[in-house]
Amino acid sequence: MDSKTQDNDMQGNKTHNPDSTSSSRQISRPGQSPTQDTPSNPAPRVRFAPSPTGYFHVGSARTALFNWLYARRHQGTFILRIEDTDKERGKEEWTEGILSALDWLGLHYDEGPYHQSERTSLYNEALSKLWDAGFLYACNCTREEVLERTRNNQTPGYDGHCRDLGYSRSGHALRFKVPRSGLTAVTDVIRGNVDFPHQAMEDFVVAKSDGSPLFVLANVVDDIDMDITHVIRGEDLLPSTPKAILIWKALQGEDANLPVFAHLPMLVNEKRQKLSKRRDPVALESYRLKGYIPDAFCNYLALLGWSHPSGKEIMKIDEIISTFSLEDVNHSPAFFDVVKMTHINGEYIRSMSTADFIDVSSKWLEEAEAPWSRDRFDMSIYTRIAGLIQERVATLSEIIPMIDFFLLDMPIYDDNAVSVLDGNPEAIHLLETALERFSGCDWETDVLHEQTATIAAEYDLKLSKAQAPIRLAVTGKKVGPPLFESMSILGREKVLQRLQELLYRIKTN
RNA sequence: GCCCCCAUCGUCUAGCGGCCUAGGACACCACCCCUUCAAGGUGGCGACACGGGUUCAAAUCCCGUUGGGGGUGCCA
């Protein structure tokens, strides 16, 4: 595993000067007021550090976004670090998923991606340093043994059994000697000061018996090496923060330059549980597939835990950046509400120019699952109808049922709607009248409108009632884009053909 | 069990001691507009978890209770 040592330099494409950063970095001093994002502070360095153990989900997207926003707000550096120390669980494809997700969201990193799997020598150095300084001890207890021993204790967890047994370092798990008394204070921008009594902390493992480092160790070593100034992550990591601080101080001394911590409130499901890959629909990819716009997605995500001072909700990303502040992030968990996100997505879609909408949506449609075969997609028709569609959809996937009747020989008939008209004499007469009138009139939107209005008057119906069976015949559905515009684009031949088709269906059924 | 976090309309939030008979947004309901559906417009419904303090004054500060959540891996 040490064979990758060279890679540290190879991929360590750092552009900052460690000396200048570390010497002037006085940002966080536990005990003093949390953070001041004053202009006098040096440019912050933040990192998004996902582990590639599954598909990319919305919680990760939110964390990435807030890191990115903070970096952009303060002209800082946004670093991507892949935490792939767990060889068992990590997979190459998940790493690719992280990259493509960030790219889709538009959260481009300034540095990285670093891979922890290529930085093991760094962790080994740190481990040796800690071992030599007496901060660690070797432990050969199995999980079962620990459980057995601590079953009746008030505070389960490892009991320090091997602390003074003097096992040799190699071949054993390495544990950190947590002080028996005192406490570690975590200073958090969002939550203030949080104290963790040492008595409630177990001697945690920092390296597996095979020598590989664990998350909390690699995490701290990298944050130090990369001069991370602000650790912005989910609140679920708050309980591991005192461990990180203990390691930090063991490595750098009591006056270590700790980063500013900011633990974001969790994103939760309707049952108010932390979003889970297993039980909640949180794959970022699924939202791309459903036709959400990345900018709208980010806009919505930014609103989860943060809000613009004026209360405005629909904002360009630049405006979010210029007003974003960690101090303004609130404390409580937020429900990931697809309904509201969908509304925001609709706002974004409607605010596009029609040309942009055509561009974005047609590209999306190319990859979408649609009832028409790909070669049937007619850009000239789509261009003519797109403006009418744009005002009516909140997600791109809603376009499909709105335009399918343009691209298919025959529409997909809504059986329920058709059955309502079965044998209905008025509907039959009305459709026959329409068939007759539409055969002879000029083929223009206004004329079709007038003709239908005339028919409505003859049957003593409101236009909205009279157009219903015609709409069903032409589009197959009860709802859709404006009818007369649609007929005008579809052409006389297809419209007449479809009127006959529906007549046939309701007469014979 | 133990440790930690959180607590304003159903949801996201504004509020950082008086401007609050608590504001906005989504959702919902009604009406208007209208070629369906949307969009848009108008109006409506709807919350400070509870109990103690502190204060002339508390949604805002403190304590407790209750409720919810997170953590407690040789996962991250």
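Every chain is numbered from 1, with letters handed out A, B, ... down the list of sequences. Computed over heavy atoms, backbone and side chain alike; hydrogens, waters and symmetry mates excluded.
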Base of C75(B) paired with side chain of T53(A) (donor-acceptor, under 3.5 Å):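 Absent.
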Whole-Å C1' distance, G23(B) and A14(B):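 One C1' to the other, the span is 6 Å.
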Rounded C1' spacing from C9(B) to C26(B) in Å: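 Those two atoms are separated by 12 Å.
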So what does [X] hit on the nucleic acid, given a heavy-atom distance under 4.0 Å: a base, only sugar-phosphate, or nothing?
X: L237(A); value: base
X: P481(A); value: base
X: G346(A); value: nothing
X: F335(A); value: sugar-phosphate
X: L483(A); value: base

E313(A) side chain, from C-beta outward: closest of C5(B), U36(B), A25(B):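 Nearest to the side chain of E313(A) among the choices is A25(B).
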Centre of [Y]'s six-membered ring, under 6.0 Å away, within 45 degrees of the axis: is that where NZ or CZ of [X] sits?
X: R175(A); Y: Y158(A); answer: yes
X: K290(A); Y: Y292(A); answer: no
X: R81(A); Y: F48(A); answer: no

Base-pairing assignment for C26(B) (Watson-Crick or G-U wobble, both under 3.5 Å):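 C26(B) is paired with G10(B).
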Side chain to side chain contact (heavy atoms under 4.5 Å, CB included) between Q451(A) and V447(A), intermediate numbers included: CA-CA 6 Å; Q451(A) 290 291 333; V447(A) 176; 4.1 Å; yes
